[in-house]
Amino acid sequence: MCHAELAREGVGFRVLEDRRFEGGCSALGAVQLAEIGTPVANLGAMTCPLARQFARWVREAVQPAASQWLGTPVRRIETFGTYACRGRNGQAGARLSEHGLANAVDVSGFVLADGRRVTVEQGWNGTDERIRAFLRTVHAAGCRRFSIGLGPDSDAYHYNHLHFDMGRGPYCR
Ligand SMILES: [Zn+2]
């Protein structure tokens, strides 16, 4: 069902085989995104609902926000990846992160068509008002599409990326 929706929305992707790992980690019904209109670095396995919301977020939120606040489109999106078998916030012994279920993505930056590079780490509390507005706009838009959205205002672990996942929400900070 989700795969059909994804195809209908013009997203290029490959369906991955179900995989189960040690420690309760898995990637079930996951896809590898290939073409969503904007190149994205480091995307691995993503559950289909996550991939679908991500593709919509890029098209409907990131690109319009870049035009609005920065006056140029985004040429490439940088991420720290999707699937990783680990506890929440990378802590051993903590509850399994949604990353362990291929159900989360960490977005770290945006390369603009004019050559500038906007990172969450430098831009969120940086001196450029428009970059701060752009990052807050895409964070808020992510909160509307994903179950959970976390940015640098959430806790010290998220000082350099926006975390979005399709776990149990809603939660936005
Ligand atoms: Zn994350």
Side-chain angles (χ1 to χ4, degrees), residues 2 6 11 13 16 18-34 36 38-63 65-66 74 76-111 117-126 131-132 134-173:
C2 176
L6 208 51
V11 171
F13 65 99
L16 301 176
D18 283 353
R19 288 177 302 167
R20 291 172 199 277
F21 306 93
E22 301 274 308
C25 291
S26 63
L28 305 176
V31 301
Q32 174 73 55
L33 286 180
I36 63 169
T38 305
V40 185
N42 293 325
L43 286 185
M46 301 170 93
T47 61
C48 186
L50 175 73
R52 186 168 173 227
Q53 293 309 319
F54 184 79
R56 291 184 55 196
W57 176 72
V58 171
R59 189 174 63 235
E60 298 170 5
V62 173
Q63 291 293 4
V74 169
R76 202 167 87 101
I77 297 174
E78 300 177 332
T79 82
F80 292 148
T82 53
Y83 175 81
C85 191
R86 65 183 191 220
R88 294 177 101 189
N89 297 323
Q91 303 299 293
R95 203 148 63 84
L96 186 66
S97 162
E98 291 294 326
H99 287 287
L101 303 173
N103 207 24
V105 58
D106 290 334
V107 177
S108 55
F110 306 84
V111 177
R117 181 164 168 263
V118 171
T119 64
V120 174
E121 180 172 4
Q122 296 181 342
W124 187 268
N125 289 315
I131 286 176
R132 288 205 309 270
F134 165 73
L135 290 172
R136 278 160 182 77
T137 299
V138 299
H139 171 265
C143 283
R144 289 194 294 275
R145 286 170 178 79
F146 301 96
S147 302
I148 291 178
L150 302 172
D153 292 343
S154 65
D155 60 43
Y157 295 110
H158 296 87
Y159 72 98
N160 64 354
H161 67 280
L162 305 176
H163 166 105
F164 298 121
D165 75 56
M166 293 301 281
R168 202 188 298 173
Y171 184 80
C172 176
R173 168 122 348 146

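Please read these numbers as outputs of a predicted model, since none were measured by experiment. Remember, it's 1-based here, ligands and their atoms both numbered in the order they're listed.
Considering every non-hydrogen atom in both Val138 and Val62, the closest pair reads CG1-CA, 3.9 Å.
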Exercise. Under the side-chain contact (heavy atoms from CB on, under 4.5 Å) rule, what do Val105 and Trp57 come out as? Steps first, then yes or no, please.
Key: CA-CA 12 Å; Val105 58; Trp57 176 72; over 6 Å; no

Practice problem: Evaluate the side-chain contact (heavy atoms from CB on, under 4.5 Å) criterion for residues His139 and Trp124: first the C-alpha distance (whole Å), next the side-chain angles of each, then the deciding distance (0.1 Å), finally the verdict. | Solution: CA-CA 10 Å; His139 171 265; Trp124 187 268; 3.9 Å; yes

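A salt bridge links Asp106 to Arg86: one of the charged nitrogens lies within less than 4.0 Å of a carboxylate oxygen.
At a cut-off of 2.8 Å, His161 is not counted among the residues with an N, O or S atom near the Zn ion (ligand 1). For the Zn ion (ligand 1), the N/O/S atoms of Glu98 include none lying under 2.8 Å. Taking backbone and side chain together, His99 holds an N, O or S atom under 2.8 Å from the Zn ion (ligand 1).
A 6.0 Å sphere centred on CD of Gln91 holds more than 12 heavy atoms belonging to other residues, nucleotides or ligands.
Distances from the Zn ion (ligand 1) to the N/O/S atoms of Asp106 are shortest for OD1. Among the heteroatoms counted here (N, O or S) of His163, ND1 is the one nearest to the Zn ion (ligand 1).
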